[in-house]
Amino acid sequence: MKLLIIAGPPSAGKTAVVRQIISRFNPVSRCAYLKIDVVRAFEDKELYDEFKIPTKKIYSGDVCPDHVGILVMKDAVNWAEDNNADILIVESAGLCLRCSPYTTQSLGIAVLSAISGTNSPLKMSAMLALSDLAVVTRVDLVSQAEKEVFRERIKEVGRDLDIVETNALCGTGLRYLFRAIENQPEIEDLDKVVLRGNPPLGVCTVCVGKKEIGWENHFGVIRKLDSGDFFFRGD
Amino acid sequence: MIYQSLRFIIVMHNSEIMEITVLPGKNRNGGTENFRQITIRPGDTISIVGPTGSGKSAFINDIEMFAHEDTVTKRTVLVNGKMPPEEFIRDPSKKPIAMITQNTKCLADLTVESFLDMHIKSRKLSDPFVIEKTISLANEFTGEKIRKEARMTSLSGGQTRSLMVADAIVVSDTPVILLDEIENAGIFKEKVIECLKTHNKALLFVTHDPLVSLLSERRIVMKNGAVSDIISPGDSEKEALSEVLRMDSAMSLLRERIRCGELIKSIPVL
């Protein structure tokens, strides 16, 4: 089975890209879909209604969705294999943009919108740099010059990043994404799948629900405004 | 020695001159389009006409991305009779096509100068005066001058469009330029067309404008998402063209008078 991990900011068009992937490959290659989100998500039901493929969603609640993604990935692969899937598509929530959910033995796809601002590739550099392929959506809404400027910004983050420009609703230009999926090897050894990058750690009293402002009121890994260093306060 | 290198330059230049072929796709009912192939060469001027929603923009979009039966229209676009190399589609510095879309707003939050600078980088140009050249050409097309310190997001529709046309000529400098409704946004369209015609480029205009349509050598007529006819008027529209030219300059004069705040009590007969 092949593993595709799709990340990107909210409303970048991740699910539109997923729809195109499923339309292209299913049912010859059977697709399964897992959505990891924080508060609400509807994609699992929508995609099930449309394609009748195995879908699942989990909410991470108070925990970072990418951390949860890492924790459940092995179960998810086993679930998809039990459902005889040939391709498992995992879509992340894409929130703080510091995480990068891609694992080894998977195809990491970063989805970003051409109308999200020229600096957005730099802001989400962790998510972009560790991906295999960047899909730029909504290119139909910008001029060609703008599209080329946006592409240049992505290249600043990852010189060798494969860039695919698309209007994901129509699927134009996705031929290069489909080719990358065709060429993607299957998962070889699930026990050896690891995260490509280091996830950020936020272990402090804010994480567990204390709401007071100011570092004086918190324990764990904290920082002050002026000193850039993080330090540990507590036992 | 000099002679040899000169010849080399000429050969290099010739290799860039290309022929683009559009092969038919399907209309909205699934029927095949009404043409065998459309060939576009440098120097050609072609207008694409038809009611809104008839598939005009889709036609030039297919050319821009070298469709390979993977767009809604299912057309195929070839370069020199063959599938174009992937870099033509994916590497902006090798792409032989520039497109001016209908968008009159730029969403890139950059100054004009840094926007052009980044575009120049993506096109891998080294001429240090490209930014100045582009802005001064753009300022020939628009009434309100563009400053290089201005933010792209603050430009008017006409200024954005003028800058994009100038960018296509100076920065992209491609053998094929696609223009989607150049007449909108209140720029000096005659000046744009005049300037474009001096650079041996293939020009495709999506247009509702009678003058732009008649100034083109060929007219592609769209209907129901497909090409329904291709007209090559030759000299048969010569009289109509000179009449339209006269009417258009009268309208331009009137437009400028209104723009200047005049009260229009009479229109001089030209």
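Throughout, protein chains are lettered first and strands after them, A, B, ... in sequence-line order, and every chain is numbered starting at 1.
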Is it the side chain or the backbone of B:Met164 that comes within 4.5 Å of chain A heavy atoms, both, or neither? side chain
Given a strict heavy-atom distance threshold of 4.5 Å, which part of A:Lys147 is in contact with chain B: side chain, backbone, both, or neither? side chain
Given that the side chain runs from C-beta out, which part of A:Leu174 has a heavy atom under 4.5 Å from chain B: side chain, backbone, both or neither? neither
Donor-acceptor pair between B:Ser156 and B:Glu144 side chains, under 3.5 angstrom: no
Between A:Tyr48 and A:Lys52, is there a cation-pi geometry (under 6.0 Å to ring centre, at most 45° from the normal)? yes
Mind jotting down which residue pairs meet the salt bridge (Lys or Arg N to Asp or Glu O under 4.0 Å) criterion with at least one end in residues 99-114 of chain A? Sequence neighbours excluded, please. none
Looking at B:Val171, B:Ile100, B:Val72, B:Ile89, which makes the most heavy-atom pairs under 4.5 Å with chain A? B:Ile89
Suppose the criterion is salt bridge (Lys or Arg N to Asp or Glu O under 4.0 Å): which pairs have a residue in residues 114-126 of chain A, not counting sequence neighbours? none
Donor-acceptor contact below 3.5 Å, side chain A:Gln20 vs main chain A:Leu169: yes
Cation-aromatic face contact B:Arg90/A:Tyr176, 6.0 Å, 45 degrees: yes
Which portion of B:Ala98 sits near chain A, non-hydrogen atoms under 4.5 angstrom: both
Pick one of side chain, backbone, both or neither for A:Asn119, based on which atoms fall under 4.5 Å of a heavy atom in chain B. neither
What I want to check is whether the side chains of A:Thr118 and A:Arg153 have a donor and an acceptor closer together than 3.5 Å. no
Could you list the residues that satisfy side chain to side chain contact (heavy atoms under 4.5 Å, CB included) with B:Asp209, not counting sequence neighbours? B:Glu183, B:Lys189, B:Thr207, B:Leu211, B:Val212
Side chain, backbone, both or neither of B:Asp167 within contact of chain A (heavy atoms, under 4.5 Å): side chain
Scan side-chain atoms only and decide if B:Thr71 and B:Thr73 contain a donor-acceptor pair under the 3.5 Å cut-off. yes
So if I take each residue of residues 115-130 of chain B and look for any heavy atom under 4.5 Å from a heavy atom in chain A, which residues do I end up with? B:Phe115, B:Met118, B:His119, B:Lys121, B:Ser122, B:Arg123
Out of B:Thr160, B:Ile97, B:Asn61, B:Thr153, return the one with the most heavy atom pairs under 4.5 angstrom to chain A. B:Ile97
Donor-acceptor side-chain pairing of B:Ser57 and B:Asp180 below 3.5 angstrom: yes
